[in-house]
**Q** 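Dumping the structure here so I can ask a few things about it.
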Amino acid sequence: MKAPICEVCLKTDGILCPADEKKLEQGIITELDVKISRMLYKLLGDADVEFKKAVEAGDLIVLIVGEGDVPIVIGKGGKNIKFLMRELGKRVRVIEGRDIKGTDDVKKLAMDLLYPAGVFGVNIVYKPGGEQYYKVLVFSRDRNKLPEKAEILESILSQITGVETKIAFI
């Protein structure tokens with residue numbers, strides 16, 4: 001299993017090696033990343049899976065995994081997700097993570113995260129002063145299909161993309 005922490009740290013509870021401790025102090029990884037990496041290791045062992053990051057907002061935790069790894073992390077009949085939700089006390093969603101290079105990548109990410117709500121598109125909005133943000137356009141008829149409140153989903157998208165993201169209904 002590939003994780004943000006080393007294999008030794010995956011197998012030990014409570015302590016981190018100096019390199020991973022430094023990553024934690026610098027904000028490269030979070031306590032949540034460490035906790036979920038260890039939980040996934042206990043569930044999946046040495047399975048060929050990549051766990052990239054965990055993002056939390058409100059009552060929702062989003063796990064970002066490698067391409068094609070979503071079904072493995074969810075588990076047969078959702079047993080792995082059910083275990084994680086019980087342990088963490090929050091709802092868990094698993095999405096495929098990829099390097100975000102443009103609006104197409106943000107749209108794919110938004111489609112995965114906002115499912116079953118339909119995403120029409122993603123625009124880059126330029127603010128005065130050169131700043132920019134993503135505007136995710138969601139069909140108004142799907143407002144009630146969002147898996148969480150729009151503000152929480154905006155927070156998660158912003159954390160994943162590293163750019164302010166807003167949801168607008170059309």
Side-chain angles (χ1 to χ4, degrees), residues 1-75 79-114 122 124 127 129-134 136 147-149 151-166:
M1 183 178 135
K2 192 172 176 206
I5 58 175
C6 71
E7 199 171 329
V8 173
C9 291
L10 276 176
K11 294 176 182 176
T12 57
D13 280 334
I15 57 166
L16 291 173
C17 69
D20 286 337
E21 190 67 51
K22 190 172 181 182
K23 281 194 222 172
L24 190 62
E25 287 170 11
Q26 293 173 339
I28 298 169
I29 59 173
T30 64
E31 289 283 350
L32 187 63
D33 292 333
V34 173
K35 184 176 182 178
I36 290 178
S37 294
R38 288 176 171 159
M39 290 170 100
L40 286 174
Y41 182 75
K42 284 178 184 155
L43 283 170
L44 305 172
D46 289 326
D48 187 22
V49 172
E50 181 182 8
F51 167 64
K52 295 182 177 188
K53 184 159 188 56
V55 180
E56 180 179 20
D59 185 34
L60 184 65
I61 295 175
V62 177
L63 307 184
I64 302 160
V65 299
E67 231 171 290
D69 292 340
V70 172
I72 300 164
V73 173
I74 290 173
K79 73 176 176 65
N80 295 342
I81 287 299
K82 288 174 186 165
F83 171 80
L84 290 170
M85 288 196 295
R86 239 187 348 266
E87 290 294 308
L88 298 166
K90 295 187 177 215
R91 291 179 318 126
V92 177
R93 289 202 61 147
V94 182
I95 60 174
E96 243 178 49
R98 53 175 50 89
D99 295 334
I100 295 182
K101 297 182 180 90
T103 55
D104 287 344
D105 294 331
V106 176
K107 183 178 179 185
K108 172 76 172 94
L109 176 71
M111 288 170 72
D112 289 350
L113 183 62
L114 304 183
V122 175
I124 298 175
K127 296 180 187 177
E131 289 184 42
Q132 63 186 44
Y133 67 91
Y134 291 117
V136 178
E148 187 58 77
K149 291 183 187 131
E151 305 80 52
I152 290 173
L153 296 168
E154 288 172 348
S155 170
I156 288 173
L157 284 167
S158 297
Q159 288 177 62
I160 295 170
T161 62
V163 176
E164 182 184 0
T165 305
K166 295 184 178 178

**Q** Which atoms form the tightest heavy-atom contact between Leu40 and Met1, and what is the distance?
**A**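 Heavy atoms of Leu40 and Met1 come nearest at CB-CE, 3.7 Å.
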**Q** Name the atoms and distances for all side-chain donor-acceptor pairs under 3.5 Å in residues 80-87, with sequence neighbours left out.
**A**
unit_1	atom_1	unit_2	atom_2	d
Asn80	ND2	Ile72	O	3.2
Asn80	ND2	Val73	O	3.3
Lys82	NZ	Gly77	O	3.2

**Q** Under the salt bridge (Lys or Arg N to Asp or Glu O under 4.0 Å) rule, collect the residues that match up with Lys79, sequence neighbours excluded.
**A**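 Counting only residues at least two positions away or on another chain, Lys79 forms no salt bridge (Lys or Arg N to Asp or Glu O under 4.0 Å).
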**Q** Please give me the minimum heavy-atom distance between Ala3 and Ser37, naming the atom from each residue.
**A**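 So the minimum-distance heavy-atom pair works out to CB-OG, 3.9 Å.
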**Q** Listed by chain and number, what are the side chain to side chain contact (heavy atoms under 4.5 Å, CB included) partners of Val8, not counting sequence neighbours?
**A**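 Testing Val8 for side chain to side chain contact (heavy atoms under 4.5 Å, CB included), a comparison that skips the adjacent residues, returns Cys6.
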**Q** To the nearest 0.5 Å, what is the distance between CD1 (Ile29) and SG (Cys9)?
**A**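 Here the rounded value is 8.0 Å.
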**Q** For Ser155, what residues pass the side-chain hydrogen bond (donor to acceptor under 3.5 Å, both in side chains) criterion, not counting sequence neighbours?
**A**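 Ser155: side-chain hydrogen bond (donor to acceptor under 3.5 Å, both in side chains) contacts with Gln159.
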**Q** Go through the structure and list residues passing side-chain hydrogen bond (donor to acceptor under 3.5 Å, both in side chains) with Lys22, not counting sequence neighbours.
**A**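 Once residues adjacent in sequence are excluded, Lys22 has no partner under the side-chain hydrogen bond (donor to acceptor under 3.5 Å, both in side chains) criterion.
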**Q** Taking the side chain as everything from C-beta on, heavy atoms only, tell me whether Val106 gets closer than 4.5 Å to Thr161.
**A**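 SC-SC contact between Val106 and Thr161 confirmed.
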**Q** How about Thr165 and Tyr133: do any of their side-chain heavy atoms sit closer than 4.5 Å?
**A**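 The answer is no, as the side chains (C-beta and beyond) never meet within the 4.5 Å cut-off.
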**Q** With sequence neighbours left out, write down each residue that passes side-chain hydrogen bond (donor to acceptor under 3.5 Å, both in side chains) with Glu148, or none if nothing qualifies.
**A**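 So Glu148 forms a side-chain hydrogen bond (donor to acceptor under 3.5 Å, both in side chains) with Arg91.
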**Q** Around atom NZ of Lys90, are there more than 12 heavy atoms from other residues, nucleotides or ligands closer than 6.0 Å?
**A**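 Atom NZ in Lys90 is crowded, with more than 12 foreign heavy atoms closer than 6.0 Å.
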**Q** What I want to find out is whether Lys23 reaches Asp20 closely enough, with some N-O distance under 4.0 Å, to be called a salt bridge.
**A**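 Here Lys23 pairs with Asp20 in a salt bridge, since their nearest N and O are under 4.0 Å apart.
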**Q** Within a reach of under 6.0 Å around CD of Gln26, are more than 12 heavy atoms found that belong to other residues, nucleotides or ligands?
**A**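 Enclosed.
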**Q** Who passes side-chain hydrogen bond (donor to acceptor under 3.5 Å, both in side chains) against Gln132, sequence neighbours left out?
**A**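 Testing Gln132 for side-chain hydrogen bond (donor to acceptor under 3.5 Å, both in side chains), a comparison that skips the adjacent residues, returns none.
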**Q** Could you list all the side-chain hydrogen bond (donor to acceptor under 3.5 Å, both in side chains) pairs where at least one residue sits in residues 40-51, not counting sequence neighbours?
**A**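 Residue pairs with at least one partner in residues 40-51: Asp13-Lys42.
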**Q** Considering residues at least two apart in sequence or located in another chain, which fulfil the salt bridge (Lys or Arg N to Asp or Glu O under 4.0 Å) criterion with Asp33?
**A**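 Counting only residues at least two positions away or on another chain, Asp33 forms a salt bridge (Lys or Arg N to Asp or Glu O under 4.0 Å) with Lys53.
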**Q** Can you find a pair of side-chain heavy atoms, one from Leu153 and one from Pro147, that are under 4.5 Å apart?
**A**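 Of all side-chain heavy-atom pairs linking Pro147 with Leu153, at least one is under 4.5 Å.
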**Q** Is Val70 close to Ile95 at the side-chain level, that is, under 4.5 Å between some pair of heavy atoms?
**A**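 Contact flag for Ile95/Val70 side chains = no.
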**Q** For Leu32, which residues count as a side chain to side chain contact (heavy atoms under 4.5 Å, CB included) partner, sequence neighbours excluded?
**A**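 Testing Leu32 for side chain to side chain contact (heavy atoms under 4.5 Å, CB included), a comparison that skips the adjacent residues, returns Thr30, Ile36, Ala54, Glu56, Ile61.
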**Q** Just jot down the salt bridge (Lys or Arg N to Asp or Glu O under 4.0 Å) partners of Glu21, sequence neighbours excluded, or say none.
**A**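 Salt bridge (Lys or Arg N to Asp or Glu O under 4.0 Å) check on Glu21 returns nothing, list empty.
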**Q** Under the rule for salt bridge (Lys or Arg N to Asp or Glu O under 4.0 Å), what residues qualify as partners of Lys166, not counting sequence neighbours?
**A**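 Residues passing salt bridge (Lys or Arg N to Asp or Glu O under 4.0 Å) with Lys166: Glu164.
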**Q** Can you see which heavy atom on Ala110 is nearest to which on Val136, and at what distance?
**A**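 For Ala110 versus Val136, the nearest heavy atoms are CB-CG1, 3.9 Å.
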